[in-house]
Number of protein chains: 2
Amino acid sequence: MKKLSINDIARQLNVAKSTVSFILNGKAEEKRISRELSKKVLEFAEQAGYRPSQLAKSLSTGKTQMICLMVEKISDHFFSHIAYHLEALAYKSGYKIIYCSTENDPDKARELISVFRTRQVDGYIITPPVNIDAEIRDLLNDNLPVVLFDRYLPDTPTDYVGLDNYNGTREAVEHLIAAGSKRIALVTLNSGQTQMLERLSGYMAAIKRHKLKPLVLKGHFEDEMEATVKLTVQFLKDNADVDAILFATNYLALSGIKAINELGLNIPTDIAVIAFDDHDVFNIFNPPISAIAQPREEIAKQLFNTLLDKLENKESLKVVRKIIIQPKLVLRGSTR
Amino acid sequence: MKKLSINDIARQLNVAKSTVSFILNGKAEEKRISRELSKKVLEFAEQAGYRPSQLAKSLSTGKTQMICLMVEKISDHFFSHIAYHLEALAYKSGYKIIYCSTENDPDKARELISVFRTRQVDGYIITPPVNIDAEIRDLLNDNLPVVLFDRYLPDTPTDYVGLDNYNGTREAVEHLIAAGSKRIALVTLNSGQTQMLERLSGYMAAIKRHKLKPLVLKGHFEDEMEATVKLTVQFLKDNADVDAILFATNYLALSGIKAINELGLNIPTDIAVIAFDDHDVFNIFNPPISAIAQPREEIAKQLFNTLLDKLENKESLKVVRKIIIQPKLVLRGSTR
DNA sequence: ATAGTTAATAAAACCGGTTTTGCAAGTCAA
DNA sequence: TTGACTTGCAAAACCGGTTTTATTAACTAT
């Protein structure tokens, strides 16, 4: 019951295995192999249910048809959805995806990249933690396709697919102001990652344009939800005049909503709420939560196409593309 | 800048590559290779930063150190968390995980299994759709380790890690009854999968034990959330006496909560709510939603250990283990 | 002294493909 | 009619490892 190999076919038909290989790869004509023999081999392979070993193929071609998807945490709502869409796209092109979570730890990320290199994956889709510029550069130097997303490395030019975070928060704040909010806070993370900085910039820009006073709370990535809730409760107590909050991630928003509930404040009468990055459940809340939505399928599509182009087109390795996708401000009941 | 191979090392040191292989694999002693040569090779490899090709290794050993994780949908809250925990466990043992989503489509599942077979993954962790008994049996016949989870195939004995679904719903209903509910509905899916049937059975058992009348609404897996909300709204209108609902999945619960909100009913005064499968956001709702929690990390641990045992221990392939994990009823404000 | 061990390593076969090179027979042109 | 070119396929090399078998020199026992 063991799988049959190209050698078995060659032996059983009394044909050289190179010939069999050519025929099975559609190079029969090019290699001037008789129609007769070609047919014989094809029929035999078909009837025997021959499946070439991807492993052997990879070893000789150097292509594994595998893509590394390295994200912060695969269980995160955003990343797991990106993973879902990427899988569908990869599938159509014969690629498989291996995922891994960095937990935002540069050491872990480095180690993971090293492992994937020995596995010779064909390309990388990465949400980089800080300080892995060197490893990313190594990949690029070895002509391995890399596309970053969600955040990028300012000092290392690479292909990148990301949201227009700046515009996302800017527009959200503009909307809040237009709807009458006067005291708008931003709850974000104490993070140096580009997407967070951009979100902060967008907020600041809109606030300043309207000559309002900025008010920013910075939580910590590692914190448990309870800690963040506490932090937000205290923040709201200390700043009782806040009439709108923009949350820089959906998890911060969830903690924030809990904090608002605990304080017995009403959304949106007492306080308007907008979350960055939409979440399935935002629509369920009462009132439903407005969000700056990231078009996840579009992001996945751009990621995959960018990578695929580099995988199939050597020339493409030399160009560096930045693809910036516009967010959608989805207004629901949590804003006036 | 190309990677150096075992051949390069052998050539540069004027040593047979078999010798190098033995030394690098710690078989120097066993193969009676001089301490001197051994040291020379090890030092050279170390300083040259030699990394053996996993591909070549796989081809000759037949082991790829890869595991296929086949779930219904990788973006699902439950599955993405299982994926997360599995990754951490696999990492420690040198395994990598390739995921794929079946969308509950047997044809897609079959195709995926075929692809993974040509890639020679070492083992499979699968949430099977119905009607893929034949393919699972084929895997087992070829001595490939397979562990099912979440649901199993009644006609095909395999290793399995799953929740005690029956007890989960049974206890939840018992709790509702003890808290005073008289008219308890179950909202579930129109699905023949074992986990759904078990949840239904547990509900029925508790209902009957207390001589209550069962009331079951069956939604459809493929439905959009809006459709499910509508269905639930109508159901609640048609059955105004319902004072408690048990939702058989967390997505059904989310739709249900929306339906309840739309009808202006109060949780838990008008209607108590318990969801099967806990969700990060349940704690955020006001009131927070009670749930029958699946110990995800424990499930992942059992899955991985079961698989690993079969991967490393030939004998273990012959035994079939069913591991049933007890759920935890997490009571929050949505029940009285 | 000679066969039999053993130590230490080299050589070769194998895993299952792809790709380059080789070769015999037939065809064509000079 | 003979060298050059094509046809159609076989043979071999290669990808980078693991594992089995072979070889040689020194050592031991008879």
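Throughout, protein chains are lettered first and strands after them, A, B, ... in sequence-line order, and every chain is numbered starting at 1.
- Considering CG of A:Leu153 and OG1 of A:Thr194, their distance stands at 8.0 Å, rounded to 0.5 Å.
- Between the side chain of B:Lys57 and the base of D:dG16 there is no donor-acceptor pair of N/O atoms closer than 3.5 Å.
- Taking a cutoff of 4.0 Å between a charged side-chain nitrogen and a carboxylate oxygen, B:Lys73 and B:Asp76 do not qualify as a salt bridge.
- The nucleotide whose nearest atom lies closest to any side-chain atom of A:Phe22 is, among D:dG17, C:dT20, C:dG16, C:dT20.
- OP1 or OP2 of D:dA10 sits under 4.0 Å from a side-chain N or O of A:Thr19.
- Rounded to an integer number of Å, the gap from A:Lys17 NZ to D:dA12 P is 12 Å.
- Counting to the nearest Å, the C1' atom of D:dC15 and the CD atom of A:Gln54 are 14 Å from each other.
- Rounded to an integer number of Å, the gap from CG of B:Leu59 to P of C:dC14 is 14 Å.
- Among the protein residues, B:Asn14 comes within range of the sugar-phosphate backbone only, with heavy atoms under 4.0 Å from sugar or phosphate atoms but none that close to a base.
- For B:Tyr50, a side-chain nitrogen or oxygen approaches OP1 or OP2 of D:dG17 to under 4.0 Å.
- Minimum atom distance to the side chain of B:Ala16 is reached by C:dA11, of the listed C:dA11, C:dG16, D:dT18.
- Look at B:Asp159 and B:Lys310 and you find a salt bridge, because one of the NZ, NE, NH1 or NH2 atoms lies within 4.0 Å of a carboxylate O, short of that distance.
- Rounded to a whole Å, the CG atom of A:Asn7 is 14 Å from the P atom of C:dA13.
- Among the heavy atoms of the strands lying under 4.0 Å from B:Ser21 is at least one base atom, whether or not backbone atoms are also near.
- DNA chain D lies under 4.0 Å from at least one heavy atom of each of the following residues of residues 23-47 of chain A: A:Arg32, A:Ile33, A:Ser34, A:Leu37.
- For the pair B:Leu55 CG and C:dG16 P, the interatomic distance rounds to 14 Å; values are reported in whole Å.
- Across all strands, A:Ser18 comes closer than 4.0 Å to base atoms (heavy-atom distances).
- For the pair B:Arg11 CZ and D:dC14 C1', the computed distance is 12 Å after rounding to whole Å.
- Between A:Arg32 and A:Glu29 there is no salt bridge, since no side-chain N of the basic residue sits under 4.0 Å from a carboxylate O of the acidic one.
- Following rounding to the nearest Å, B:Leu4 (CG) and D:dG16 (P) show an atom-to-atom distance of 10 Å.
- In this structure, NZ of B:Lys3 is placed 9 Å from P of D:dG16, rounded to the nearest angstrom.
- For the atom pair OG1 (B:Thr102) and CE (B:Met70), the distance works out to 7.5 Å, reported to the nearest 0.5 Å.
- Residues A:Ile125 and A:Leu307 are in side-chain contact: their nearest non-hydrogen atoms beyond the backbone lie under 4.5 Å apart.
- Both tests do not hold together for B:Lys27 against B:Phe22: distance to the six-membered ring centre under 6.0 Å, angle to the ring axis within 45°.
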